[in-house]
Amino acid sequence: MNERFKEDEQIRNELRTELEHVVFSGKLKQNVLESLEPGRSFWKKEIVIPLPVIAFALILIAAIPVAGWRHAVSLQGETAIAERPNEEKIVVSAAGVFYESQLKREGDR
Amino acid sequence: MRITVRALAGMIVTAILLCWFGYQQLPSLLYYNGFPEAVLQWFPNSEYAKPAANEMAYEYFENTGLDSENYFFISPSGWGTSSSGQTVSAKQKEAAAEKLEQLLDQFGSGEMTADVRFRLAKLYFWTKQWDKAEALLRDFVISEGSESNWAGEQKAFLAVLDSRYKRSDSVPSVEGVLRIGGKPVPDAFVFLHEADSSGYHSQPFNEYPMAITDAEGTYRFYDLEPNRYEAGAGLLPEQIAGYVLAEQPSKTFEVRDGTTASHDIDFQPQIKVLAPTRHELIEGEEITFRWEPYEGAAYYKLSVTTPFRDENGKYAGGVTTQLSDRKYETPTASYSIGGPVEYNGSSDKSYEQDGSVILLTSGLLGKLHPGGEFIWSVDAYDADGRKLSSSAGYYLNEDAVAPLFRISEEGMLEGDRFILENKYEEAIVAYEKEGGNDRALRVLARLAEQGITREDGDPSKAFAYLKRLKEPTQNDLQEMVRLEQAAEKTQGSSPPAPTNQP
C-alpha cells in the first residue's frame with residue numbers, strides 16, 4: 001500500500017514538471033468549465049468589466065446628485081426679485097425728520 | 001473587474017431601487033433643506049409643492065420690505081413719526097406681485113395656499129390697490145388654529161378697506177379732509193387716537209381706528225365711542241417730503257352720538273432754511289441765520305438742537321431749546337456766539353445710571369458755544385401768534401440739506417472742553433486757572449449754583465464768583481441779586497449755630 005502511494009506521488013510530480021510550461025487561456029478555462037458543467041446558466045456567466053468603465057459609472061453616480069444640488073441652489077438664488085430695498089434709518093428730532101446720512105458727523109461723511 | 005451576470009444584475013437593480021427611493025424622497029429633502037423654488041419647479045404635483053409655494057410667497061413679499069413701516073404715521077401730538085426709511089421701487093412691487101399671482105394661479109387659493117393669498121392681499125393693500133386687496137381678503141375663511149393670527153389681521157385690513165365706502169344708512173362720527181399744500185390727498189391713511197389715552201403705538205395699523213381717504217381726500221369714521229380724539233395721517237415719505245403738519249386751532253375733537261364732528265388735517269410747506277447748512281463751520285463772534293420768508297408770517301422764532309452722538313458718531317438724540325424769546329420780523333437773525341448764559345434759576349441736572357451727574361451744556365456754556373455742533377430750526381407765526389409753519393419738517397427730498405452747523409473752536413477755554421465731556425471737577429480746576437476771565441467766572445457761578453454732585457449747589461459761592469466779574473452785564477447784576485437772596489434764604493433756613501456759654 002505504501003509502495004503504491006509512493007509510485008502515484010512520483011507519477012504526479014513527473015506530470016506536474018512535464019506540464020509546467022503549459023498555460024490555459026481564459027477562454028480555454030471557460031471551455032473546460034463549460035464542458036465539465038454543460039447546463040451552467042446565463043446568470044452564472046462571468047463577465048469582465050474594464051476598470052475605466054467602472055470609474056466612469058462611479059463618477060456618473062456621484063455627479064448626478066451634486067449637479068442637481070447645485071442647480072437647486074442656483075434656483076434659490078433667483079428668488080430675490082431684486083436687491084433688498086434701500087434701507088436708511090430715519091432720525092426724528094425736534095429740528096426735523098432726516099435720513100441718518102444727512103446728520104453724519106463731518107469727518108464720517 | 002470580473003463579475004457574474006447575476007451579481008451585476010443585482011447591483012443594477014439595487015441602484016435603480018435606490019434611485020427611485022431617492023427620487024421619491026427628493027421633494028421632502030429639498031423642502032426641508034430650504035429649496036422651495038426647486039420643489040416648485042421640479043415637483044409641482046408633489047405634496048410639498050403647496051407648502052413650498054407658501055414659503056416662496058413669504059420670501060417674495062418679505063423681499064420687497066413692504067408693510068406699514070413704509071409709511072410715516074404722523075399725529076398732532078408728535079408721536080408715531082416712524083418709518084423704516086425703506087423705499088420700494090415700482091419695479092420691485094410689480095415683480096413681487098407678478099410672482100405671487102403666478103403662484104396663486106398655479107396652486108389655487110385654498111387654505112393650503114393661504115400664505116400666497118394673504119401676502120398678495122397685503123402687497124396690494126400697502127401699494128394702495130384697494131379693490132384687488134379686498135377681493136382677495138373677502139370671503140376667505142381662515143380656520144381657527146391657523147398658524148398665524150391672520151384672522152385678526154384680515155379683519156383689520158377689511159375694516160380699513162370698508163372705510164372707503166360712504167354709508168347711506170348712517171352718519172359718520174367724524175369726517176374731514178386731508179390736504180398737503182392745500183391739495184386734497186386721496187388714498188392716504190387717517191387714524192384716530194383717544195385724546196385721554198396716554199399709551200401710544202408707533203405703528204397704528206391694527207391698533208387704532210384707521211380709514212382711507214377717498215378721491216376728494218375725505219376720510220370718514222363710523223360708530224366711534226363718544227370721546228375726544230386726535231387724528232393723524234399715514235403718508236409715504238415722498239408725499240410729505242418738504243412739508244410739515246400745520247397747527248390746528250384744536251389738536252383734538254369731540255365725537256358725540258348722532259352727530260358728525262368735522263376735523264381737517266393739513267400739511268403746509270416747511271420753511272426753507274438757507275444758511276447755515278451742510279455742516280458749515282462758523283467762525284467769528286456772530287452767527288447769522290437766513291431762511292426764505294413764509295407767506296403770511298408776522299414774525300419768526302428760532303430754536304437750536306444740540307445733537308448727542310453715540311460711540312460711532314451717529315445721532316443718538318438731542319436737546320432742543322429756543323434760541324431766544326426774540327421775535328424776528330425779517331427772515332434773518334443774528335446771534336452772538338459764546339454770549340452770556342441766560343440765567344433761569346433752574347437746575348438742569350440729570351443723573352446717569354451709575355449715579356453721576358450730567359448738567360445741561362447750554363445752561364453752562366450758552367446756547368451757541370465754540371466747538372459745538374447744532375441743528376437749527378425756525379417757526380413762522382401769524383399776527384395772532386398762531387404757528388403757520390416750521391422748518392422742522394421732513395427733510396426727505398433728494399436735494400434736502402440738513403440745517404446742521406458747527407462753531408469753530410477758536411476762543412474755547414480748556415474748561416469748556418471738560419464741560420463738553422461732562423467732567424465738571426476738572427472743568428472747575430481749569431476755569432479757576434483762567435484767573436479773572438469773565439466767561440470762566442460765569443460758568444463757575446453756574447456750576448457752583450447747580451452743584452456738580454447730587455447735593456444742591458451753593459448760591460453764596462456762585463454770588464462770590466459773579467462779584468469778581470470785571471464787566472458785569474445787566475443780566476449778571478440781576479442774577480447777583482437773585483443769588484444773594486437765595487443765599488440769605490438758605491442761611492436763614494439752616495439751624496442757628498450753637499453759642500458757647502462761659
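As the structure is a computational prediction, the values presented were derived from the model and not from experiment. In the text below, chain A, chain B and the rest are named by the order of the sequence lines, each starting its count at 1.
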CA sep, side-chain torsions, deciding dist, call: A/Val97, B/Ile240, side chain to side chain contact (heavy atoms under 4.5 Å, CB included) = CA-CA 11 Å; A/Val97 176; B/Ile240 47 160; over 6 Å; no
How long is the gap from [atom1] on [X] to [atom2] on [Y], to the nearest 0.5 Å?
{"X": "B/Phe35", "Y": "A/Ser74", "atom1": "CZ", "atom2": "OG", "value": "9.5 Å"}
{"X": "B/Tyr315", "Y": "A/Ser101", "atom1": "OH", "atom2": "OG", "value": "14.5 Å"}
{"X": "A/Leu103", "Y": "B/Arg309", "atom1": "CG", "atom2": "CZ", "value": "6.5 Å"}
{"X": "A/Ile90", "Y": "B/Tyr394", "atom1": "CD1", "atom2": "OH", "value": "10.0 Å"}
{"X": "B/Arg6", "Y": "A/Lys45", "atom1": "CZ", "atom2": "NZ", "value": "14.0 Å"}

Residues of residues 59-71 of chain A with a heavy atom under 4.5 Å from any heavy atom of chain B, in residue-number order, are A/Gly68, A/Trp69, A/His71
Proximal component of [X], with respect to chain A [non-hydrogen, under 4.5 Å]:
{"X": "B/Pro307", "result": "neither"}
{"X": "B/Ser390", "result": "neither"}
{"X": "B/Ala15", "result": "neither"}
{"X": "B/Ser303", "result": "neither"}

Count the heavy atoms of every other residue, nucleotide or ligand shown that sit under 6.0 Å from [atom1] of [X], and state whether that count exceeds 12.
{"X": "A/Phe56", "atom1": "CZ", "answer": "no"}
{"X": "B/Tyr58", "atom1": "OH", "answer": "no"}
{"X": "A/Glu9", "atom1": "CD", "answer": "yes"}

Give me the atom names and distance for the closest heavy-atom approach of [X] to [Y].
{"X": "A/Tyr99", "Y": "B/Pro237", "result": "OH-CB, 4.3 Å"}
{"X": "B/Ala402", "Y": "A/Gln102", "result": "CB-O, 3.8 Å"}
{"X": "B/Ser377", "Y": "A/Ala94", "result": "OG-O, 4.5 Å"}
{"X": "B/Ile375", "Y": "A/Phe98", "result": "CG2-CZ, 4.1 Å"}

By salt bridge (Lys or Arg N to Asp or Glu O under 4.0 Å), A/Arg16 pairs with (sequence neighbours left out) none
Do B/Thr4 and A/Trp43 pass the side chain to side chain contact (heavy atoms under 4.5 Å, CB included) test, and can you show the C-alpha distance, the side-chain angles, and the key distance before you say yes or no?
-> CA-CA 7 Å; B/Thr4 64; A/Trp43 295 108; over 6 Å; no
Can you tell which of B/Arg2, B/Glu98, B/Gln270 has the highest number of heavy-atom pairs within less than 4.5 Å of chain A?
-> B/Arg2
Highest number of heavy-atom pairs under 4.5 Å with chain A: which of B/Val304, B/Leu30, B/Thr320, B/Leu396?
-> B/Leu396
Check the pair A/Ile49, B/Leu8 against side chain to side chain contact (heavy atoms under 4.5 Å, CB included), reporting the backbone distance first and the verdict last.
-> CA-CA 10 Å; A/Ile49 306 170; B/Leu8 182 66; 3.8 Å; yes
With only heavy atoms counted, which part of A/Ile47 is less than 4.5 Å from chain B, the side chain, the backbone, both or neither?
->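 It is both, since atoms from each part get that close.
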